[in-house]
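What follows is a set of notes on a single structure, which appears directly below.
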Amino acid sequence: MSKSSKVLNLRDKISGNEVDLSLCNLSEVPVRELALFPKATVVDLSCNNITSLPPEFCNLTHLVKVDLSKNQLTCLPDDLGNLVNLQHLDLYNNKLTTLPVSFSQLRSLKWLDLKDNPLEPVLAKAAGDCLDEKQCKQCSSKVLQHMRGIQDEVDRVREKRLLREKELEKKREARQREREAREKEARKREKAEEKDKRRKEYNAQMAALAAQEQQKKRSEEKKKKNGQAAADKKAVVESAPKPRRSLIGLMFKLLLLLLLGLAGVTAACRLTDLQKEAVCVPVSAAVDDGLSWAREQEGVVRQLVQNLSSAAKEFLESTRASKN
């Protein structure tokens, strides 16, 4: 059967605000077709083979009265409480054991029949016998009250669960923060240790460089001192004897000049016509006396000559060394 034929057949079953789908051998509710007729607020689905209601059935919020008696329903959709305008609900002779928690939200419900269902004992006690109009009204009131209690309990359990989850989340966040704080502190400590290590290495390098500079400076100062000492020693060695050498040389020169002068005078007085002069007489006499004395002092003269030769040799050597 096509959709248009279904709609046509449903239209044929509408009378005013009522839709009569009883005894149609339905196994499911034609939700989409019912949604096309929002003015049909009363739906009779009794005496069919319906085993469950689709979730979309809860979107038919325009429904005021629904008859689902004498079907095979084993459960109702969880969002049944969305039917906020529902006032009359007949669930007689089905296979229901429980009702959804959202059933407590059917605040407009005034009439309910749950006879001949294998209900749980507590729910069956709340539902009562539903033998007449009054008992069905009482059934709706007591069942709603019972379901509100269940709803409150569910809410408390959910709230406790949410609180527990929130506490767990807080604890996880706290542990996460602690872990992050420890990791941050560890990174900070590692950075500080690394920085301190680099500082120590830098200080060690600077100390080594300073020690090298100090050693180099001491070596230079030592070399400088040794060089100065050697220079001073050389200067002392070179400069100290110079006056003596100079004095000896001067004396030697004077003595040599004197001897040369005496030799010249003696030669002049002995070998020239001046020997008869009055000036040469004492010179000749002195020369004769000197020669006589020299013969007598030959050894002394020989020693004197040797000393003079040694002095002359030393003078020549020191002069040569000074020039070098």
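Scope of the values below: all heavy atoms of this structure, side chains included, with no hydrogens, waters or symmetry mates.
- Remark: E193 pairs with no residue by the salt bridge (Lys or Arg N to Asp or Glu O under 4.0 Å) rule, at least two apart or across chains.
- When atom types are taken as modelled, the side chain of N48 and the backbone of L21 share a donor-acceptor pair closer than 3.5 angstrom.
- Partners of N49 according to the side-chain contact (heavy atoms from CB on, under 4.5 Å) rule, which considers only residues two or more places apart in sequence or in another chain, are N25.
- Remark: the backbone N or O of L73 is not paired with any side-chain donor or acceptor of N71 at under 3.5 angstrom.
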Please output the side-chain donor-acceptor pairs of residues 63-70 that fall under 3.5 Å, not counting sequence neighbours, one pair per line with the distance.
from, atom 1, to, atom 2, distance (Å)
D67, OD1, S69, N, 3.0
D67, OD1, S69, OG, 2.8

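- Under the rule for a side-chain contact (heavy atoms from CB on, under 4.5 Å), the partners of Q212 that lie at least two apart in sequence or sit in another chain are L209.
- Residues forming a salt bridge (Lys or Arg N to Asp or Glu O under 4.0 Å) with E169 (at least two apart in sequence, or on another chain): R172.
- Judged as a ring-ring contact (aromatic ring centres under 6.0 Å, His included), and not counting sequence neighbours, the contacts of H88 are W111.
- Not counting sequence neighbours, R175 has no partner by the salt bridge (Lys or Arg N to Asp or Glu O under 4.0 Å) test.
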For residues 155-163, dump all side-chain donor-acceptor pairs below 3.5 Å to protein atoms at least two apart in sequence or in another chain.
from, atom 1, to, atom 2, distance (Å)
D155, OD1, Q151, NE2, 2.9
D155, OD1, R158, NH1, 3.3
D155, OD1, R158, NH2, 2.5
R156, NE, E153, OE1, 3.3
R156, NH2, E153, OE1, 2.5

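- Under the rule for a side-chain contact (heavy atoms from CB on, under 4.5 Å), the partners of D196 that lie at least two apart in sequence or sit in another chain are R199, K200.
- Of the possible polar contacts, one joining the S108 side chain to the V84 backbone as a donor-acceptor pair under 3.5 Å is found.
- Not a single salt bridge (Lys or Arg N to Asp or Glu O under 4.0 Å) links R189 to another residue, sequence neighbours left out.
- Evaluation of the salt bridge (charged side-chain N to carboxylate O under 4.0 Å, His left out) test over residues 101-117, restricted to residues two or more places apart or in two chains, returns D113-K115.
- N85 meets the side-chain contact (heavy atoms from CB on, under 4.5 Å) test with no other residue; sequence neighbours excluded.
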